[in-house]
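Worksheet for the structure shown next.
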Amino acid sequence: MTKLEELKERLGVVSDLNGAASVLGWDQQTYMPPGGAAARAEQLATLGRLAHEALISDQVGELLEGAAAEVAGSGADSDESCLLRVVRRDYEKARKVPPALVAEIARATSLGMEIWVRARKESHFPSFQPALQRILDLHRDLAQCLGFEESPYDALLDQYEPGMKKSELVRIFSELKSGLVPLVQSISERLDRVDDAVLRRHYSEKAQWEFGVDVARRLGYDFQRGRQDKSVHPFTTSFSISDVRITTRVDERFLPTALFGTLHECGHALYEQGVSQNLERTPLAGGASLGIHESQSRLWENVVGRSRNFWRFFFPRLQQAFLQSLQDVSLESFYRSINRVEPSLIRVEADEVTYNLHILLRFELEGNLLEGRLALADLPEAWNAGMKESLGIAPPDDAQGVLQDVHWSNGLIGYFPTYSLGNLLSVQLFEKARSVIPSLEAQIDQGNFGPLLAWLRENVHQHGRKFLPLPLVERATGGPLQAAPYLHYLRDKYTEIYF
Ligand code: ZN
């Protein structure tokens, strides 16, 4: 056996443990009875610990050395060279963090989550503040262990968006913000131009489910290698390249919940199903980063799923499925209703135009907290002021303000920006695909998503984690990550709808 083969066998074990943990996690959120929670937490902790130990063992270090000599002749982009590069990175990072700190963070966040749930219910930030302070302090320690050059934020961001720097995000996001704020302001003066009451009529759960499954299938989601179930919070998870699951939730009084939720998760799942089979059972069998992942979900949900082209094909079918609620509705008024914009307090309910302003606020605040430029006691006030400045509205209480997201209580600091990166990139990728496939929109008019999916497979999906996010963007689009294409897309689309 060569060292490379031996290394792959070891990594295969890590991948099996992670896959098994994913099955347990999926079950926890779909079918597990509430009584199973305590035992499930133990089972997940055990699998996580075994996978971590298997990855950071000295033996992996030795095998990495040995395998490096064996693949020295193969090109930098070969599966083998990329595997060694990625595993070395994972290995070195994982070894930098003392197990005691990992355990302390696990404890503080599981406690923090509980306290956050209560604090949000009571809409009282001060009762969450000590727990959040503890989580923040531990993440400063984590950043010190991982190491950074410019900001401790970089070390945390790197866990979700490898290779990205805070300073780079500040540059891209300030351009984004200076374009978004005036656009939101001018749309805010014309809110009555679009009405979405039609989406709040009655839509039966069964018909919504069937319609969603039909859409997923037509987009290219392979039900032989996946399935859809229900969960409170929709998600995508993969146990292997050949078993990628999605979940959705259905609201009979609000059509977009299941419809766009399914499109979103389907975008994540198409990515995971599209990774090259050669990468199966290795650490490369997954998305390049959270930002790249979100670019896939947003591309299908928004760029495709909220376009006229998409609904030229699907609207007559939707009308057939919901005759009573939609027979008096035109394609045009349906298109406008699903693209309604309104500044609102809650991020997860925000439209395409206002969404990123929610993220930019969180990014700014968590950066300031981590770098010690904002005291936790001043966070609610800073939050409210930021909302007022960028969206023109202020939360009436903490529950609809600073306490609304689960992320910080869960220790996910440096995670929020990946949502906006995904949005920016969704447009850059779609426009690149359109430039090389001139008939792309005509194909979508016909319900033919094959050419778009094939382009994404070729340029993004098949590579899995082989390349870092920014080099992957360069390869796929021929240029760097930018805010301008996204701003153009929004201005074109919403000027036509609102002006
Ligand atoms: Zn997503």
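Note that the coordinates shown come from a computational prediction; the quantities given were computed from them, not determined experimentally. We count ligands from 1, going down the list as the structure has it; atoms in each ligand are counted the same way.
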Exceeds 12 heavy-atom contacts within 6.0 angstrom, atom CD of Gln277: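 Yes, the 6.0 Å shell around CD holds more than 12 heavy atoms from other groups.
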Whether over 12 other heavy atoms sit under 6.0 Å from Lys230 NZ: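 For Lys230, atom NZ is not crowded (no more than 12 foreign heavy atoms under 6.0 Å).
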Spacing of Thr257 atom OG1 and Gln208 atom CD [to the nearest 0.5 Å]: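 Nearest 0.5 Å value for the OG1-CD distance: 7.5 Å.
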NZ or CZ of Arg317 within 45° of Phe322 ring axis and under 6.0 Å: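 No; the conditions do not both hold, so Arg317 does not lie above the ring face of Phe322.
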Tyr271 and His293 aromatic ring geometry - parallel, tilted or perpendicular at 30°/60° bounds: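 Tilted: the ring planes of His293 and Tyr271 meet at 30° to 60°.
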Atoms of type N/O/S from protein, distance to the Zn ion (ligand 1) below 2.8 Å: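 Under the 2.8 Å cut-off, the count stands at 3.
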Residue pairs passing the side-chain hydrogen bond (donor to acceptor under 3.5 Å, both in side chains) test where at least one lies in residues 470-483, sequence neighbours excluded: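 Found Asp77-Arg475.
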